[in-house]
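Excluded from the calculations below are hydrogen atoms, water molecules and symmetry mates; all remaining heavy atoms, backbone and side chain alike, are included. Numbered from 1 within each chain, the chains take letters A, B, ... in sequence-line order.
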Amino acid sequence: MTMTNILLCGVGGQGTLLASNILAETAMLAGFDVKKSEVHGMAQRGGSVVSHVRFGSVVHSPLIRKGECDLLLSFEELETLRWSVFLRPNGLVLMNAQRIMPMTVSGGEGIYPDTISERLTKLPARVHAVDALGKARELGNSKCVNVVLLGLMAKQLPVLPRTIWEEVLESRIPAKLLELNKKAFEAGWGLA
Amino acid sequence: MQKKKKISTSSARAVLSGNAAIARGAWEAGVRFASAYPGTPSTEILEYLGTYPEVDAQWAVNEKTAMETVIGAAYAGARSLVAQKHVGLNVAADPFFTVAYTGINGGLVIITADDPGMHSSQNEQDNRFYARMAKVPLLEPSTSQEAYEMTIAAIELSEKFDAPVLLRTTTRISHSEGIVSMGERREGPAREFIRNLAKYCVLPHNARKLHVKLEERMKELEVYSNDCPWNRIEKGDGKIGIIASGISYTHSRELFPKASFLKLGFTNPFPRDLVKRFAASVKNIIVIEENDPFIEEQVRALGIDCIGKDRIPVCGELDPDILHESLREFIPQAFPTRVAAVDVPVPLRPPVLCPGCPHRGVFFLLRKLDLLVTGDIGCYTLGAFPPHNAIHTTVCMGASITNALGIGKAMKEKIHGRLAAVIGESTFLHSGITGLIDTVYNQGRHLTFVLDNSITAMTGHQPNPATGITLKGKPTKKIDLTALCRAAGVDHVVDADPFDLQGLEAAIKGALAKAEPTVIITRRPCYLLKDYKPEKSPIQLDRAKCVKCGQCWKLGCPAIERSQADGKTVINATLCVECGLCAKVCRPGAITSISVKSGDAGSLNAEANTMKGPGKNINSEKQAQLKKTDHNTNSKKEPTK
């Protein structure tokens, strides 16, 4: 039984929820059983957010175990560090090289580690950091950073055909933003 | 307010959250009426139900009024649903216990969404005990598919047994998503209210007979429980027998691929005969459930020994790792190999008030004035976190005002003039108004802040009576908060703009000087409301002038950072929404804002008075004016939301 375990992490407000929704629906349409889990509510107010997405022939628990995450799609550097404990050996990290200071750092209670990329390269994992936010800005809207990252991830998941990704994007994204998001997906695909 | 994506009525399969699945099941089961007060993790059920034209769905003022309303609808023959978070059922407990006695006419399903792990709650009470205490049948889904199927079954069971049915989810069921195979809507039978005093009027004389009937009903339901599709034995090797319900079942299936399972989905009345049969077929029994030993105690009461809460934590949410740790001697497989944790402390990232949040200025001043502040339940509870540290008690919905009344009574002149309660407008209407009447009646003298941001924000923007819009997005009578407070007997009720710090500080001092109960209503819509387009105040930062005084950091704004290199302030342009508040607190004048002038309080007040609701509620002329202003001053920066 092959199972793919993907963790999406970031900061509340970055669009991780939409990204995980699109991933889950794509997995279903590609013929897999799929489960997704995240917590709404208080954590979304600028807090640390994480979505678990699992797909395979049969999925029971919606939660990924520590050490079983195949792919960590991270929207923010510090969050990559926080959730990297879920990675399996030789797991893949796709990271948006963006930093958002938590209030604890601004308040002087903590230090934002300044060498996150270096530290990640020491892990027994494959790490790929990209400037997805920069790409999104180039396209004229920083909000489509989540779809840039989806494109980046999609290229690493050959079991999910690109045509299905595009079908789901079309059904999920409002018409007036579709063209922009298609470009964002393409841009992310090209970053890999 | 945000409209939920409508669940497709055509496609046979979809990835749905537990909450969406419940809404879909209710719609298919012919539910015609639904009511709820928003509460994480239950909120989306009503939001989804509201998208079906056949369902009259509404936001109630609180969970008790929601429960009473759906009971009325069910008495009148409509298949009905009421949903609440676990602590919401405490508020609705009074009618809940009684509808168990009267039974129903149209099918009634009651959803309780519990929150093990307290992701968004003040406790992790296990509401399965409510079913046992009230003698109500209880369903516990493990997946979205089951949440859907059990909601349909709940309506059928409710009508078959003349009983309300409690369906209990947890955060991991409500907010996890899975594939659901859907069907079509079937209308319920056309029924109306039939006068029947002996059934619907619980005078002691009637209630005594109803109680006897209730006990008989529970016996019939136990027969069903022992032989229903929701409680099933899944045969394994028989060495280990797992009894599990809810999300715990899904974790357990992964950890014990060879074990025998008794999968329980209908847990009150308890399927005693089935449990005995299962116990006889396996060697070791392990009961796996979150929070309290609801199932375990009933297994033990049958004289069956088992492993359970002696090893599995009562506190917090369970996950496969915690279960593996608790039950490692029964699990042959090794722990997954973890990548070594990164060797550096990772600073916490607690939730914060959003950039542009109208509550920020209030907490800045409460901290500055060093008041003792009783808090309440909503986004503004975040005022308890650093750097605000400006809320000192939080108990439950509505408790801020009455906690302050009690503190005032206990401390008298030691606290007079330094005591304030903080409550949002939705929570005020939920259960704060009764506390305010109590305060006036019993001659309390604290200051009550009603933070009116025009929406129930924390749960994701649900309209409320102060918004003047219904769940279905239709305009309705909008409540006048000022008149309400005055009618409660508060003579000193003033409006304030939380972005006018000078004006607000003066209003606070004025209110605290009075030896009577006072109210300040701060009026500014939630910044995240899609139709709210406030005037922008683009910020300029002259870092040479920054003296690291920390005033701006005290605002707790996510867009204001402290440089780790030189300790001075940095504004994160991606996060900044140009509300201009930081320019108002910056002492050395390092942060300036082009549209912020001292003494502009008057114009801000006038503006705020036109913005008591989301855009739909602002009359068109004013809205056009606001938009014009917005276009003139809007910069190219866009907020990240």
So for B:P345, is it side chain, backbone, both, or neither that comes closer than 4.5 Å to the heavy atoms of chain A? backbone
Region of A:I100 that comes under 4.5 Å of a non-hydrogen atom in chain B: both
Residue among B:L255, B:T43, B:D321, B:V346 with most heavy-atom pairs under 4.5 Å to chain A: B:D321
Please round to the nearest 0.5 Å and tell me the distance separating atom OG of A:S37 and atom NE2 of B:H175. 9.5 Å
Give a yes or no on this: more than 12 heavy atoms of other residues, nucleotides or ligands lie within 6.0 Å of atom CD of B:Q333. yes
Closer than 3.5 angstrom, by distance alone: can the side chain of A:R65 be matched with the main-chain N or O of B:D319 as a donor-acceptor pair? no
Between B:E254 and A:R54, which heavy-atom pair has the shortest distance, and what is it? OE2-NH1, 2.9 Å
Could you tell me which portion of A:M103 (side chain, backbone, both or neither) has an atom closer than 4.5 angstrom to a non-hydrogen atom of chain B? side chain
For A:A125, is it the side chain, the backbone, both or neither that has a heavy atom under 4.5 Å from a heavy atom of chain B? neither
Between B:C557 and chain A, with a heavy-atom cut-off of 4.5 Å, which part of the residue counts as in contact: side chain, backbone, both or neither? backbone
Test salt bridge (charged side-chain N to carboxylate O under 4.0 Å, His left out) applied to B:E561 and A:R99, step by step: CA-CA 11 Å; B:E561 299 170 0; A:R99 295 177 158 212; over 6 Å; no
Count the heavy-atom pairs under 4.5 Å between each of A:S106, A:P124, A:G110 and chain B, then report the option with the highest count. A:S106
Any donor-acceptor pair under 3.5 Å linking the side chain of B:Q564 with the backbone of A:I111? no
Please evaluate residues A:R119 and B:V344 with respect to the criterion side chain to side chain contact (heavy atoms under 4.5 Å, CB included), reporting the C-alpha separation (whole Å), side-chain torsions for both, the decisive distance (0.1 Å), and the verdict. CA-CA 9 Å; A:R119 288 175 195 279; B:V344 62; 3.7 Å; yes
For the pair B:D343 and A:K122, evaluate side chain to side chain contact (heavy atoms under 4.5 Å, CB included) and give the outcome as yes or no after the intermediate values. CA-CA 10 Å; B:D343 183 25; A:K122 287 181 193 156; over 6 Å; no
For the interface with chain B, which of A:H52, A:E79, A:E68 has the highest count of heavy-atom pairs at distances below 4.5 Å? A:E79
For chain B, find which of A:V105, A:T115, A:T104 contributes the most heavy-atom pairs closer than 4.5 angstrom. A:T104
Heavy-atom contact with chain B under 4.5 Å, split by part of A:Y112: both
In Å, rounded to the nearest 0.5 Å, how long is the span from CD of A:E25 to CG of B:L16? 9.5 Å
If you compare all heavy atoms of B:T574 against all heavy atoms of A:R137, which two are closest, and at what distance to 0.1 Å? OG1-NH2, 2.5 Å
Taking the side chain as everything from C-beta on, heavy atoms only, tell me whether B:R172 gets closer than 4.5 Å to A:L63. yes
So which residue, A:D114, A:N21, A:L78, ends up with the most heavy-atom pairs under 4.5 Å with chain B? A:L78
Proximal component of A:I116, with respect to chain B [non-hydrogen, under 4.5 Å]: neither
Chain B contact via A:D33 - side chain, backbone, both or neither, heavy atoms under 4.5 Å: both
Interface moiety of A:F55 toward chain B, non-hydrogen atoms closer than 4.5 Å: neither
More than 12 heavy atoms of other residues, nucleotides or ligands under 6.0 Å from NZ of A:K183: yes or no? no
Looking only at heavy atoms, the pair that brings A:L123 and B:V339 closest together is CD2-CG1, 3.3 Å
Please walk me through it: do A:K35 and B:T143 pass side chain to side chain contact (heavy atoms under 4.5 Å, CB included)? CA-CA 9 Å; A:K35 281 195 180 158; B:T143 62; 3.5 Å; yes
Closest heavy-atom pair and its distance - A:R82, B:P347: NH2-O, 2.9 Å
Determine yes or no for a side-chain-to-main-chain donor-acceptor pair under 3.5 angstrom, with A:S48 supplying the side chain and B:R349 the backbone. no
For chain B, the option from A:P102, A:G107, A:P62 that forms the most heavy-atom pairs under 4.5 Å: A:P102
Comparing A:H60, A:R88, A:Q98, A:E109 against chain B, the one with the most heavy-atom pairs below 4.5 Å turns out to be A:H60
